[in-house]
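Working notes, structure below.
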Protein chains: 2
Amino acid sequence: MSTKGNMTRNKLMDIAERRILQKGFSATSIEDIITEAGISKGGFFYHFEGKDDLAYALMQRYREQDAFLFSGLFRRAEELLDDPLQQMLLFIKLLAEMMDQLEDLHPGCLVASFTYESHEVNDQVKAITADSVMDWRQLFSDQLNKVHQHYPPKLDVNTTDLADLLSTVIEGGIVVSRAIGDKKLLVRQLLEYRNYIRLLYEA
Amino acid sequence: MSTKGNMTRNKLMDIAERRILQKGFSATSIEDIITEAGISKGGFFYHFEGKDDLAYALMQRYREQDAFLFSGLFRRAEELLDDPLQQMLLFIKLLAEMMDQLEDLHPGCLVASFTYESHEVNDQVKAITADSVMDWRQLFSDQLNKVHQHYPPKLDVNTTDLADLLSTVIEGGIVVSRAIGDKKLLVRQLLEYRNYIRLLYEA
DNA sequence: TGGTTACTGTACTCCAGGTTCAGTTTTCGG
DNA sequence: CCGAAAACTGAACCTGGAGTACAGTAACCA
């Protein structure tokens, strides 16, 4: 796992991810990446077949990391609390706290990057990007369904839309936060989402 | 205003905007644009000093169009209703209806495009992008402030964050909607935002 | 110690993209 | 209908990036 080759591969992916989030996919050149990594072009093509292959690998890793992160936070919430609504509210709070600890602006989200440059990536990358969003929907709506079964919502809502709203707030919060250079905006938006859930389900 | 030169300029901008929203800024080449416009390269550089100049002109126009659109919807809401809360709710509904009438996926938002490729555009473009978001904040929070004065919110919120949440839901809704190819998602997310406002302020 | 893994370095092709400019056509006011 | 200003054309220039090919080398590890 942590052979020399894997370390270099990960390093290349780290650099690529950061640059893509900053500059976009097509503006990120292989030249850029290998210069920062201190590796030769041949070295790059030893690890990846090309830019498309790199994009796919990045999205795949991103998806796994996200799933790990979110399910970790849910598990933590379940450890601490029994009530599904309180778990959900805590989950959002934990997520907001994580975002709060970033000293810089949120680096961005690969899903958004590839979505806004969808004509530049192949169908496999598009597909896994969509899968990633569907993962979030599944994860969030699973918890919201538990809430839904225990508490009558104040308004007629469905849990899929509510789940998507969290993805929406995260993606939108990143964009707006970066656009006006306000580090804490994303956190505040997450807490607005939390308010909405409270108003919907709390007695 | 509608001299031949202006018509060509607008045509170039229309094509550029559509392509940038689809493929991103740096992936959109001048070659692309002029081919579709049926004009020569020299012709392009007669109208714009370069790509940066084009980006700035696009963002400027976008900002004006947005302001026109949003304030138009607010005026319509004011014509039809007197109560500020009901006006706000109607505004969101009108906005959602507009989005609903798009037969395709939402084309995207230039603010998001330039934000995710901020390293590719100059400081002027970054500045006007931020200004555009601040316009939305101003416009939305003006109305929300009126609501706030008439109705006690159920939870402690500030109108700036609430205003930003609408921008967030729009930007995020576009991303998520496009990522999974669901045309109606953005509309549904806007109605979730509307729900939140209702729960916050309605008796 | 020797084979596999992980590279380096160079050299090359091909093409796309941004930019410039001298010259040509079109438009339109007088 | 003339001439200047506006609106282009077309070709050339240069850079840079994706990808290829491959021979040689160093590091790792069984």
Side-chain angles (χ1 to χ4, degrees), chain A residues 1-59 113-114 117-125, chain B residues 1-59 113-114 117-125:
Chain A
M1 276 300 116
S2 70
T3 61
K4 196 187 173 207
N6 269 321
M7 279 185 57
T8 306
R9 188 183 158 91
N10 283 327
K11 189 177 177 184
L12 288 170
M13 287 174 73
D14 290 343
I15 295 168
E17 183 174 312
R18 185 160 28 82
R19 298 235 174 206
I20 288 170
L21 292 174
Q22 277 174 4
K23 318 202 303 176
F25 179 61
S26 59
T28 300
S29 66
I30 295 174
E31 208 78 30
D32 269 358
I33 298 166
I34 62 176
T35 302
E36 186 179 336
I39 201 181
S40 68
K41 217 169 188 180
F44 177 90
F45 280 94
Y46 175 78
H47 287 288
F48 302 99
E49 288 174 23
K51 247 188 141 184
D52 280 353
D53 186 36
L54 170 67
Y56 187 76
L58 281 176
M59 200 56 230
S113 288
F114 288 141
E117 287 184 274
S118 59
H119 284 237
E120 291 301 296
V121 297
N122 63 26
D123 288 346
Q124 279 188 11
V125 175
Chain B
M1 274 301 118
S2 68
T3 61
K4 194 186 174 209
N6 268 321
M7 278 186 58
T8 307
R9 189 183 157 92
N10 283 329
K11 189 176 177 186
L12 288 170
M13 287 174 74
D14 290 344
I15 295 167
E17 184 174 310
R18 184 160 27 83
R19 299 235 173 204
I20 288 171
L21 292 174
Q22 277 173 5
K23 319 202 306 175
F25 179 61
S26 59
T28 300
S29 66
I30 295 174
E31 201 79 39
D32 270 357
I33 299 166
I34 62 173
T35 302
E36 188 179 336
I39 201 181
S40 68
K41 243 173 188 183
F44 175 90
F45 280 92
Y46 173 78
H47 288 287
F48 303 99
E49 287 175 23
K51 247 187 140 183
D52 280 353
D53 187 36
L54 170 66
Y56 187 77
L58 280 177
M59 199 56 230
S113 287
F114 288 141
E117 289 185 274
S118 59
H119 282 237
E120 290 300 296
V121 298
N122 65 26
D123 288 346
Q124 279 189 13
V125 175

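Reminder, nothing fancy here: chain letters follow the sequence lines and each chain counts from 1.
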N/O contacts under 3.5 Å, protein versus nucleotides 15-17 of chain C?
none

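Axis angle, first five pairs versus last five pairs of the helix from C/dT1-D/dA30 to C/dG30-D/dC1: 30°, rounded to 10°.
Look at CZ on B/F48: it is 12 Å from P on D/dA7, rounded to the nearest Å. Rounded to a whole Å, the CZ atom of B/F44 is 18 Å from the P atom of D/dG10. The interatomic distance linking A/F45 (CZ) with C/dG9 (P) rounds to 17 Å, in whole Å. Atom pair B/I34:CD1 and C/dT19:P shows a separation of 13 Å (rounding to whole Å applied). Taking atom CG on A/N6 and atom C1' on C/dC7, their separation rounds to 14 Å, with Å as the unit. In this structure, CG of B/L54 is placed 14 Å from C1' of C/dT19, rounded to the nearest angstrom. Look at CD on A/E120: it is 12 Å from P on D/dA18, rounded to the nearest Å.
The side-chain heavy atoms of B/I30 and B/L54, taken from C-beta on, include no pair separated by under 4.5 Å. Looking only at side-chain heavy atoms (C-beta outward), A/R9 and A/M13 come within less than 4.5 Å of each other. Proximity of A/D14 to A/R18: side-chain heavy atoms (C-beta onward) are nowhere separated by under 4.5 Å. Residues B/D32 and B/K23 have side chains in contact (heavy-atom distance under 4.5 Å, counting atoms from C-beta outward).
Annotation: salt bridge (charged side-chain N to carboxylate O under 4.0 Å, His left out) contacts involving residues 37-46 of chain B, sequence neighbours excluded, comprise B/E31-B/K41. Each salt bridge (charged side-chain N to carboxylate O under 4.0 Å, His left out) pair with one or both residues in residues 45-59 of chain A, not counting sequence neighbours, would appear here, but there are none.
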query: Using a cut-off of 4.0 Å between protein heavy atoms and nucleotide atoms, how would you tag nucleotides 24-30 of chain D 5' to 3' with B, S and -?
result: -------
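Between A/Y46 and C/dA6 there is a side-chain N or O to OP1 or OP2 distance below 4.0 Å. Within the 4.0 Å cut-off from OP1 or OP2 of D/dC8, at least one side-chain nitrogen or oxygen of B/T8 is found. Taking side-chain N and O atoms only, A/H47 has no distance below 4.0 Å to OP1 or OP2 of C/dA6.
Looking at A/S118, its side chain never comes within 3.5 Å of a backbone N or O of A/F114 through a donor-acceptor pair. Of the possible polar contacts, none joining the A/E120 side chain to the A/S26 backbone as a donor-acceptor pair under 3.5 Å is found.
The minimum heavy-atom distance linking A/F44 with A/I39 is given by the pair N-CD1, 4.4 Å. Nearest heavy-atom pair, B/G50 versus B/F45, reported as atom, atom and distance to 0.1 Å: CA-CE2, 3.9 Å.
Residues meeting the ring pair (Phe, Tyr, Trp, His ring centres under 6.0 Å) test with A/Y56, sequence neighbours left out: none.
Where A/D52 and B/G43 meet DNA chain D, the nucleotide closest to each residue was compared, and B/G43 sits on the side nearer the 5' end.
Rounded to the nearest 0.5 angstrom, B/T28 OG1 and A/E117 CD are separated by 9.0 Å.
Residue B/G50 is in sugar-phosphate contact alone, with no base atom involved, counting any heavy-atom pair closer than 4.0 Å across all strands shown.
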